[in-house]
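Here the structure is a predicted model, which is why all the values come from computation and not from measurement.
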Amino acid sequence: MTHPHETVRVALGDRSYRIEIGHGLLINASDWVSPLLSRPRVAVVTDDTVGPLHLDALRDGLAAGGIEMAHLTLPSGEATKCWRYLTETVEWLLEQKVERGDMVVAFGGGVIGDLVGFAAAILRRGVRFVQIPTSLLAQVDSSVGGKTAINSPHGKNLIGAFHQPSLVLADVAVLGTLTERDFLAGYGEVVKYGLLGDAAFFDWLEINAPDLAAGDITKRIEAVRWSCQMKADIVERDETEQGDRALLNLGHTFGHALEAATGYSDRLLHGEGVAIGCALAFEVSSRLGLCSQEDPSRVRAHLKAMGMKTDLHDIAGDLPDADALMALMGQDKKVTQGTLNYIMTRGIGEAYVTSNVDPKVVKSVLVDALA
Ligand SMILES: NC(=O)c1ccc[n+]([C@@H]2O[C@H](COP(=O)([O-])OP(=O)(O)OC[C@H]3O[C@@H](n4cnc5c(N)ncnc54)[C@H](O)[C@@H]3O)[C@@H](O)[C@H]2O)c1
Ligand SMILES: O=C(O)C(=O)C[C@@H](O)[C@H](O)[C@H](O)COP(=O)(O)O
Ligand SMILES: [Zn+2]
C-alpha cells in the first residue's frame, strides 16, 4: 500500500529547509541527505533505545547512496540533556574530525534533537545538522524551528541556541516501536497546536485521535503535516520568539516548572507536562473570565479520553507547594523585566500572549489543583 508523502517548507531566507514526511523514508535517506553533503560521510548521534531498533535501517539507507556514517549512542531519557552529554557529544564530533562543511545527524526523540542541535550550533562555531526525528513529539514539534538546548537545575532549556536544521526527515514508520506512554506524551504537543491556534484541528483530533494512537499511517502523516505546517507558519513570522512564537509555549510555563520539580525524571515526560500545563492554562483563562467554563472541561475530557495525564494528581510522588512551583515558573524564558508573560486563551484555538495575568489567580488554580 502506498502512503501519502507530504513536504512542509520552512521559509527563513538562507536558513530555509524542507520537512519531508512519509512512511519508509529511512530506506531512501541518501536521496534526501546526499544533495546537502560536501563529502559522503555523516556523524550520527542517537540514543540507546532508538539505536538498536532503527540505526541499521538508517545506515543501509545512507549506504545505498554511498554515504558512510559514524555513530555515537547516548543514554535515552531527559536527564541526557545536560552538560555531561553535551561535552561528550562535542568531543566525539571533534574526534570524528567533523568539519564546518560536514553534516551532523540527530537521530532520536526530542532529547537527542535538542542536545545534538546545540552541539552542532557550538561546534567550530556552527556546523549544519539534519533532524531525523523518531518520536511523535520530535516529528510534530522539536525537530522543527531551531530551538536547541540542555536543561539546568534552575529550569528547562535554559542553556541553548537557535540553530535551524538543514533538513527534517520524519519517517512515521519508526513510530511503530514507541511505547504507548511515549506516543501519548508526543500527542500532548499535537493537542497543543489545536488548542493554541486551530479549533478545526482540535475538532479533527477529537474524532481521529483514537485512530492515530492505534497506528493509522495516513492519519499519522496528516497529524504530523498539520502540526509541522502550523509550527512552520509561526516560526517563519517570529524565528527567535520576539512575540508570536511564544504561542508554541502554551502549557509550557506550568509544564516546565513541573519537569524541574520532578528532576527531569521519568516521573513526568515533557509532553505529559505540556498536556497538564494546557489544562491548567485553560483553567486560569476561565477563572479570569477570558474563555468559557466549558473550554477547560472539553480539554480535560479529551485528554482523559486518550488516557493521558491531565491533573497534578496524575503525577506520581510528592510535588512542591504552589509557591515553590510559582518560583520555578519565575525562571521561564518569557520573563521580561521580572514579569512573566503567559499564554492565555479566549477559547479553543484562540491563544494569545499577555503579561496581564494576576499571579494570585495562577496561584489559586495551583493550590486547588494540588489539594
Ligand atoms: N526544540 C523544540 O522546539 C522542542 C519542542 C518540544 C519538545 N522539546 C524537547 O523534546 C524533549 C522530549 O522529546 P521526546 O518526547 O521525543 O523525548 P525523548 O527523546 O526522551 O524520547 C522519548 C523516549 O522514546 C524513545 N524513542 C524515541 N523514538 C523511538 C522509537 N521510534 N521507538 C522506540 N522508542 C523511541 C526514546 O529513546 C525515549 O526513551 C524534551 O527535552 C523537550 O524539552 C523541544
Ligand atoms: O518551538 C517553540 O518555540 C516551542 O515553544 C515548542 C515547545 O514545544 C518546546 O518544548 C520548546 O523547547 C519550549 O521552548 P522554551 O523556549 O520554553 O524552552
Ligand atoms: Zn514542548
Trace of the salt bridge (Lys or Arg N to Asp or Glu O under 4.0 Å) decision for Arg298 with Asp203: CA-CA 11 Å; Arg298 189 173 161 202; Asp203 293 345; 2.7 Å; yes

Evaluate the side-chain contact (heavy atoms from CB on, under 4.5 Å) criterion for residues Trp32 and Leu167: first the C-alpha distance (whole Å), next the side-chain angles of each, then the deciding distance (0.1 Å), finally the verdict. CA-CA 8 Å; Trp32 311 102; Leu167 167 73; 3.8 Å; yes

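Side-chain rings of Phe202 and His302 approach one another, their centers coming within less than 6.0 Å. In summary, the aromatic rings of His163 and Phe129 are positioned with their centroids under 6.0 Å apart.
Salt-bridge formation is detected for the pair Lys231/Asp141: a Lys NZ or Arg NE/NH1/NH2 atom is positioned less than 4.0 Å from an Asp or Glu carboxylate oxygen.
Side-chain contact of Glu189 with His270: a donor-acceptor pair under 3.5 Å is present, judged by distance alone. Looking only at atom types and distance, the side chain of Asn341 has a donor-acceptor partner in the side chain of Thr336 under 3.5 Å away. When only modelled atom types and interatomic distance are considered, Trp226 and Asp198 share a side-chain donor-acceptor pair under 3.5 Å.
Grouping the Ile, Leu, Val, Met, Phe, Trp and Tyr side chains by contacts below 4.5 angstrom, directly or via other members, places Val224 with Leu195.
Counting only residues at least two apart or in different chains, side-chain hydrogen bond (donor to acceptor under 3.5 Å, both in side chains) contacts with residues 107-127 comprise Lys81-Asp114.
Within the 4.5 Å cutoff, the side chain of Val353 has heavy atoms near those of the Leu247 side chain.
A cation-pi arrangement, defined by a distance under 6.0 Å to the six-membered ring centre and an angle within 45 degrees of its axis, is absent between Arg9 and Tyr17.
Here the CG atom belonging to Asp171 is positioned 7.0 Å from the NE2 atom belonging to His23, to the nearest 0.5 angstrom.
Leu205 and Val191 get closest at one heavy-atom pair: CD1-CA, 4.0 Å.
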